[in-house]
Amino acid sequence: MAEELMENENQYVIFRLGRENYGLEISTILEIITMQTITEVPGTEVFIEGIINLRGRVIPVFNLHKKLNLAGGETTRSTRIVVVEVRGNHIGMLVDGVSEVVKITEEIVEQPSGILSDLDEEYLSGVAKLEDKLVILLDVTKVLQRGNGALLENIG
Amino acid sequence: MGLNLDASPEELKVFLEEADEHFQTLEEDLIRLEKEEEFNEDLMQEIFRASHTLKGSSATIGHNRMAQLTHGMENVLDKLRKKQLTVTSDLVDIMFECLDCLKVLRDEILNDEESDLELGDILGKLGSVHDAAPGSDSPTTTQPAPDKTSGKQTEAKISIDLSWEERDTLANASERGLKPYVIQLLFDVELEMLAVRTFVTLMALNETGEMLKSNPSADEIEREQVTDTLVMLILMKDDEAKIREVISTLPNIAQYEIQPFNDNVTQGEAPVIQRVEKVGEAEAECDEAESGDRNKINEAKNKAPTAAKNNNAKKANRTVRVDVELLDSLMNLVGELVIDRTRLFQILGNLEANYEMDEVSQDLGRTSVHIARVTTQLQEQIMKARMLPVENLFNKFPRMVRDLSQKAGKEVDFVMTGQETELDRSIIEEIGDPLIHLLRNAVDHGIEPPDQRVAKGKPRIGQLKLQASHEENHIIITIKDDGRGIDPEVVKKSGVKKGMITEEQAKRLTDKEAINLIFMSGLSTVAKVSDVSGRGVGMDVVRNNIEKINGATEIDSAVDKGTEFKIKLPLTLAIIRALLVSIDKSVYAIPLSSVTETIRMQQDQIEYVNNQEVIVVRGKVLPLVRLKKVFRNSYDIEDRGKLFVVVVNLAGQQVGLVVDSLVGEQEIVIKTLGKYIGDVQGISGATILGDGNVALIVDVSNLIKKAAS
Amino acid sequence: MPKVLLVDDAAFMRMRCAKLLTENGYSVDEAENGQDAVEKYQKIKPDLVLMDITMPVMDGLTAVAEIKKIDPEAKIVMCSALGQQNTVMSAIKAGAKDFIIKPYQPEKILSTIKRFVG
């Protein structure tokens with residue numbers, strides 16, 4: 001799938017998680033909303049923050065900090081919930097702030113191997129070298145799948 | 001491999017819908033036919049018709065195997081109809097087997113793929129049943145009437161023997177300006193329904209003049225004594241061109257000859273035409289002759305089969321088809337309206353509390369009340385639109401019970417009532433399996449073998465009743481048998497033996513409590529595990545499935561009197577009334593259907609049994625479950641002195657849920673937690689509150705089970 | 001446009017046949033049993049009736065007799081399955097003009113209808 005994406009120019013939404021910049025392909029994103037009251041669901045995995053009401057629809061919210069083992073993650077004024085669609089399911093992901101939408105071409109994307117040491121490369125589809133920053137391109141399906149294989153099986 | 005059917009998708013849709021209707025008719029009527037002591041002609045006619053129509057339609061779309069099977073069925077049904085065969089359960093078995101095969105063949109259409117179903121076996125059975133019947137000397141594939149050998153005799157001379165009267169008429173013909181002609185016709189080879197074709201031809205030519213004689217005669221044709229030749233002697237005003245004109249419009253005529261009748265022929269010999277092509281050896285594809293006894297058929301029809309009439313009434317309903325998804329989405333939208341309605345009243349309450357009410361806010365109040373009322377109506381209407389009669393589910397049970405009782409060697413009179421009772425379609429989907437299980441149990445373990453029943457002084461035939469009815473805001477489904485009942489002592493023993501209860505506990509149990517033990521997992525009192533029930537899927541699963549949809553099960557049983565299961569179901573799954581409580585500032589919803597009462601009590605009223613917190617309510621000991629501990633994993637028991645207990649009850653088991661405070665009662669729209677989160681212990685779903693926040697719905701049955709273990 | 005009244009209790013068969021006929025320039029009305037056919041015949045006065053035999057409420061044979069009572073000139077073609085010889089024969093005696101054997105073959109239906117209504 002990653003190869004296909006990079007054949008052409010693609011638009012990515014860039015957001016911050018801790019000190020790093022991440023990118024998600026725009027077509028996977030349904031909307032970006034401000035922080036909401038999240039209802040905790042007892043007995044679920046730590047990276048599941050809880051559930052929210054998205055216009056009458058109950059959707060789960062995912063804590064990317066906890067999922068990717070990153071430091072920080074405190075809720076601030078810039079905290080946003082990025083709502084993505086994975087195999088027909090709407091899922092929210094907590095991020096530290098959304099900065100911009102950029103076009104990324106294949107040429108500036110490198111395979112993740114060797115660039116990042118501590119981040120699990122399996123979540124990534126690549127690393128884009130923009131003029132002023134590095135953007136880690138996330139593969140949302142893989143992020144939501146890791147450790148939850150069975151759950152996503154269910155979704156599919 | 002695709003089926004290559006000759007039909008458009010829309011046509012197939014209609015075909016499939018009709019096929020299902022016919023399957024249903026066959027299923028219901030065959031059971032009735034078997035059950036009814038007197039031969040019911042209307043019923044038989046209806047069965048025949050269903051099979052007949054299926055045959056026609058399936059042949060038309062080119063589903064040859066279905067056509068072949070229905071053809072075989074029709075042959076046998078025709079024998080039944082004519083009372084050349086009698087209804088036996090073996091025969092009904094064969095018919096049901098056909099029905100099962102038909103369903104496989106129907107699915108072939110759905111999958112557009114031929115199944116590996118072999119029809120040889122069932123066709124063989126049908127064939128031997130059919131051939132064993134009287135009047136079946138000719139096997140199904142040959143047409144009795146057209147005799148091939150006599151067909152070949154067309155090469156020989158065909159004579160027209162005239163009686164003296166006929167000769168007289170002939171002699172006088174010229175005086176009346178009529179000319180006699182001999183017409184000899186040769187029909188196409190291997191013509192289907194040759195006799196009728198001959199008859200139609202005869203009738204058509206008859207109109208051109210005055211027919212004096214034909215060979216075969218009209219009577220012979222009617223008796224199907226036909227060859228592929230028709231010779232006529234006709235007197236007419238016009239000349240032979242007129243005859244040619246008529247013949248040219250008639251189908252299936254291979255050759256013909258027209259000659260003026262002359263003396264030569266008067267002597268008794270007609271001109272002869274010989275078929276150019278050879279008469280093929282292939283057998284005509286004709287089948288059995290239909291009963292000529294049409295009076296009887298008409299009589300049967302005039303009695304007007306009621307089912308058929310109902311069917312027509314149904315069709316006359318003004319209905320449209322709506323996708324289930326659309327209904328679901330409508331229900332969701334109404335759910336949102338319900339939430340907003342609640343929210344609106346909260347806002348109004350705030351307005352009234354904090355501001356002076358002026359004209360505008362009073363107007364807002366009135367409008368809100370109106371919106372609330374309309375929302376309620378809308379909610380009811382859409383709920384109604386999602387309702388289906390339980391008939392759709394019940395329909396398959398008579399057949400199932402019949403098969404089960406046959407297998408188990410039981411005699412069961414199965415009666416269903418209240419099929420018209422309506423339930424939300426999602427609930428109907430959920431209760432199918434539990435009902436099947438309970439019915440199986442009743443046949444398998446409840447009702448005794450006939451001899452045993454007789455020995456007990458009970459009627460030989462066991463009674464099994466399935467009833468659906470509407471009761472206030474619930475639907476009640478009862479399954480009642482007059483079998484051996486459940487012996488509380490046996491259940492107790494079994495419970496002790498399996499270590500589920502102690503002997504001490506067993507002694508203290510009332511009979512009702514003991515019987516309720518059968519709902520615990522792992523307990524089965526059945527000595528022998530039969531093919532149909534007692535294979536792991538136990539009563540606990542039945543109860544769980546029903547509780548999952550906010551239903552409740554009750555059981556009432558007496559030894560040798562029988563057992564009755566009562567299932568109480570909500571009208572809908574989507575919207576329920578709930579008690580909202582708060583725990584650690586979070587709001588939780590407890591379905592009101594399981595709440596018996598709420599109690600405000602002092603901390604020091606709590607007592608301990610086996611290190612378990614309990615309270616005593618009117619002499620009854622209730623185990624306490626602290627929701628804070630369950631959901632927040634917080635152990636700090638606030639020493640505020642007073643606490644709120646929500647007493648919940650499911651199937652006779654009571655537990656007190658300790659909460660921080662009571663928020664109020666409200667209608668809530670049930671939402672699932674979604675597949676991503678999946679099943680969560682103690683939580684059955686979520687709902688959106690008036691303030692837009694999400695509250696979790698407490699899974700009462702899960703908590704009770706936990707408390708019990 | 002010649003009017004044909006299609007009588008069959010199976011909606012599928014009607015649908016199928018109606019399509020064929022409309023495509024070939026006939027105006028088609030449908031009836032789902034004999035009774036329905038008799039009523040519609042009076043109303044519509046079709047040029048031709050295609051009549052199924054085995055139907056609920058009123059069968060095709062009875063319907064032929066009823067229609068002939070109303071209109072002795074009625075042109076009725078029986079639609080028969082194999083094995084209904086005697087019934088078709090009775091229908092012909094009762095005044096039906098011809099018969100077609102199911103499963104329908106489009107050319108046969110069309111040629112038969114053409115003979116009667118052009």
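Here is the naming used below: chain letters follow the sequence lines, and residue numbers restart at 1 for every chain. No experiment lies behind these values; they were computed from the predicted model shown.
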inquiry  = Would you say CG of B:Asn611 has more than 12 non-hydrogen atoms from neighbouring residues, nucleotides or ligands within 6.0 angstrom?
reply    = no
Best-contacting candidate, A:Ile38, A:Ile51, A:Thr44, A:Ile52, against chain B by heavy atom pairs under 4.5 angstrom = A:Ile51
inquiry  = For A:Lys133, is the NZ atom crowded, meaning more than 12 foreign heavy atoms sit under 6.0 Å from it?
reply    = yes
query = Are there more than 12 heavy atoms of other residues, nucleotides or ligands under 6.0 Å from atom CG of B:Asp679?
reply = no
query = Would a distance-only check, ignoring hydrogens and angles, find a side-chain to backbone donor-acceptor pair under 3.5 Å from A:Thr39 to B:Val694?
reply = yes
ask   = So with a 6.0 Å cut-off around CD of A:Glu40, is the heavy-atom count from everything else above 12?
value = no
message = What I'd like to find out is whether the side chain of B:Tyr676 reaches to under 4.5 Å of the side chain of A:Asn89, using heavy atoms alone.
response = no
request  = Before giving the answer on side chain to side chain contact (heavy atoms under 4.5 Å, CB included), spell out for B:Leu696 and A:Val41 the whole-Å C-alpha distance, their side-chain angles and the decisive distance to 0.1 Å.
outcome  = CA-CA 8 Å; B:Leu696 296 170; A:Val41 183; 4.2 Å; yes
task = Return the minimal non-hydrogen interatomic distance between A:Gly50 and B:Ile677, and the atom names on each side.
result = O-CD1, 4.4 Å
Taking every non-hydrogen atom, the tightest pair across A:Arg57 and B:Ile688 = N-CD1, 4.0 Å
task = State, to 0.1 Å, how close A:Pro42 and B:Phe631 come at their nearest heavy-atom pair, and which atoms those are.
result = CB-O, 3.1 Å
